[in-house]
Amino acid sequence: MSQPNKPLTLLGDLTPEEFLAHYWQQKPLLIRGAIPEYISPIDPDELAGLACEPGVEARLVEEKGADGPWQVSHGPFDDATFERLPEGNWSLLVQAVDHYVPSIAALMDEFDFLPRWRLDDIMISYAPPGGSVGPHIDQYDVFLLQASGQRRWQLGGKQSDDSPILQGIDLRILETFEVEADSDWTLAPGDMLYLPPGWAHHGVSQTDDCMTISVGFRAPSADESITSYADYLGEQLPASQRYSDAGMAPASQMGELDNAAVERMRQFILETLDKPEQMAQWFGRVMTQPKYIDQVVPLEHPMGEQDLVAQLHAGEPLFQMPGSRFAWRSDTSGTTLFVDGDGHHCSEELAKRLSDTTPIRADVLELSGAAELITQLINTGSLGFMG
Ligand code: AKG
């Protein structure tokens with residue numbers, strides 16, 4: 001784990017504490033040489049290959065003229081798609097490359113000063129000269145690491161929710177984009193730009209080998225949070241728990257919905273929702289839901305505890321499956337390990353060990369309840385022996 005007070009080259013020699021206090025979710029930070037002498041672990045052909053795989057989320061963004069119009073197509077693509085493309089002004093974007101390429105997943109370890117459950121995915125783009133996805137905003141925090149070639153980034157400041165966006169395409173391209181002062185930089189391999197949510201940005205490839213790695217962090221919206229928490233809690237609420245108005249004053253107008261009634265409903269909803277323990281249980285579940293539910297595949301032939309023990313003792317390491325999400329929490333009622341949208345009670349030591357991305361080895365079996373829980377997580381597709 002990172003030490004909050006140790007300066008990191010990745011953060012331009014800021015400590016994680018300084019970065020989080022002054023930049024995270026607040027303002028952009030350009031870091032020259034964030035990863036010195038960085039060599040991309042993936043090349044454009046490998047990225048294009050991934051974009052041809054069924055089940056991999058990939059987009060091709062083409063700019064048909066100097067100012068658009070823009071065209072977006074979705075993968076899986078094939079060789080013919082890439083053969084018809086012009087020399088410039090297009091971008092290939094592949095989501096969740098961390099789920100398919102272990103060396104890209106390993107990049108996340110650089111960011112371990114942030115909770116892993118905040119990670120959305122690692123997207124990688126390739127673009128020939130002039131390629132971009134247009135000036136846009138995202139509702140995510142993102143670290144844009146230049147993997148190869150050069151990209152010019154221009155920033156347009158924090159945008160409001162109602163900034164006009166181009167209609168008719170499924171990209172959030174801004175109708176107008178004004179570059180802010182001192183916000184125009186060309187990034188070379190190893191340079192990185194951090195952007196908070198809602199910050200207008202426009203990145204244009206300058207070279208024929210431009211690859212950019214976007215390490216994106218998600219935060220659920222108010223809409224998603226309220227709907228999802230209400231659904232979770234709702235399943236546990238008895239039908240008898242209802243709006244009540246015992247002792248109310250007589251109605252003066254039979255059709256009126258008076259302030260006292262509205263206030264009673266407000267209190268009823270707030271008191272019903274304000275359950276910190278249930279909220280924590282919901283939060284752990286929702287933040288570990290897999291990005292792609294079909295990537296967590298239960299074993300066709302479930303494994304037994306004895307087989308698990310034998311494989312670990314034979315020296316085979318066990319891993320979190322790509323795309324699986326783990327988090328844990330302890331409170332007065334004990335420890336919960338959250339995995340792929342479910343909660344499991346176990347010891348804190350076991351929860352910490354399984355949430356860590358380092359390979360799991362036989363010593364884990366010394367922890368109480370380990371064999372049973374691990375077997376269950378293998379059978380649900382969240383942990384696995386590779387190879
Ligand atoms: C983002 O991840 O927000 C980007 O703007 C990346 C765009 C790109 O790589 O072309």
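Just so you know, these numbers use all the heavy atoms, side chains as well, and skip hydrogens, waters and symmetry mates. Owing to the predicted nature of the structure, the values given are computational and were not obtained by experimental measurement. Ligands are counted one by one from 1 in listed order, and the atoms in each one are counted from 1 as well.
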**Atom of Leu92, atom of Ala48 and distance for their closest heavy-atom approach** =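 Between these two residues, the closest heavy atoms are CD2-CA, 3.8 Å.
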**Any pair counted as ring pair (Phe, Tyr, Trp, His ring centres under 6.0 Å), so long as it reaches residues 157-204, sequence neighbours left out** = Phe19-Tyr194, Trp24-Tyr194, His136-His201, Phe143-Tyr194, Trp153-His201, Phe177-His202
Give a table of atom pairs where an N or O of ligand 1 lies under 3.5 Å from a protein N or O.
{"residue": "ligand 1", "atom": "2 (O)", "partner": "Ser214", "partner atom": "OG", "Å": "2.7"}
{"residue": "ligand 1", "atom": "3 (O)", "partner": "Asp138", "partner atom": "OD2", "Å": "2.6"}
{"residue": "ligand 1", "atom": "3 (O)", "partner": "His201", "partner atom": "NE2", "Å": "3.0"}
{"residue": "ligand 1", "atom": "5 (O)", "partner": "His136", "partner atom": "NE2", "Å": "3.0"}
{"residue": "ligand 1", "atom": "5 (O)", "partner": "His201", "partner atom": "NE2", "Å": "3.1"}
{"residue": "ligand 1", "atom": "9 (O)", "partner": "Ser125", "partner atom": "OG", "Å": "2.6"}
{"residue": "ligand 1", "atom": "10 (O)", "partner": "Arg151", "partner atom": "NH1", "Å": "3.4"}
{"residue": "ligand 1", "atom": "10 (O)", "partner": "Arg151", "partner atom": "NH2", "Å": "3.4"}

**Request:** Assess whether atom CD of Glu256 is packed by more than 12 heavy atoms of other residues, nucleotides or ligands within 6.0 Å.
**Result:** yes
**Message:** Strictly below 4.0 Å, N to O, side chains only: are Asp141 and Arg118 in salt-bridge contact?
**Reply:**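 A salt bridge is present here (some side-chain N lies under 4.0 Å from a carboxylate O).
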List the atom pairs, donor and acceptor, that lie under 3.5 Å between side-chain atoms in residues 359-378 and the rest of the protein, sequence neighbours left out.
{"residue": "Thr375", "atom": "OG1", "partner": "Ala371", "partner atom": "O", "Å": "2.5"}

**Message:** Restricting to side chain to side chain donor-acceptor pair (under 3.5 Å), what partner residues turn up for Ser355, sequence neighbours left out?
**Reply:** none
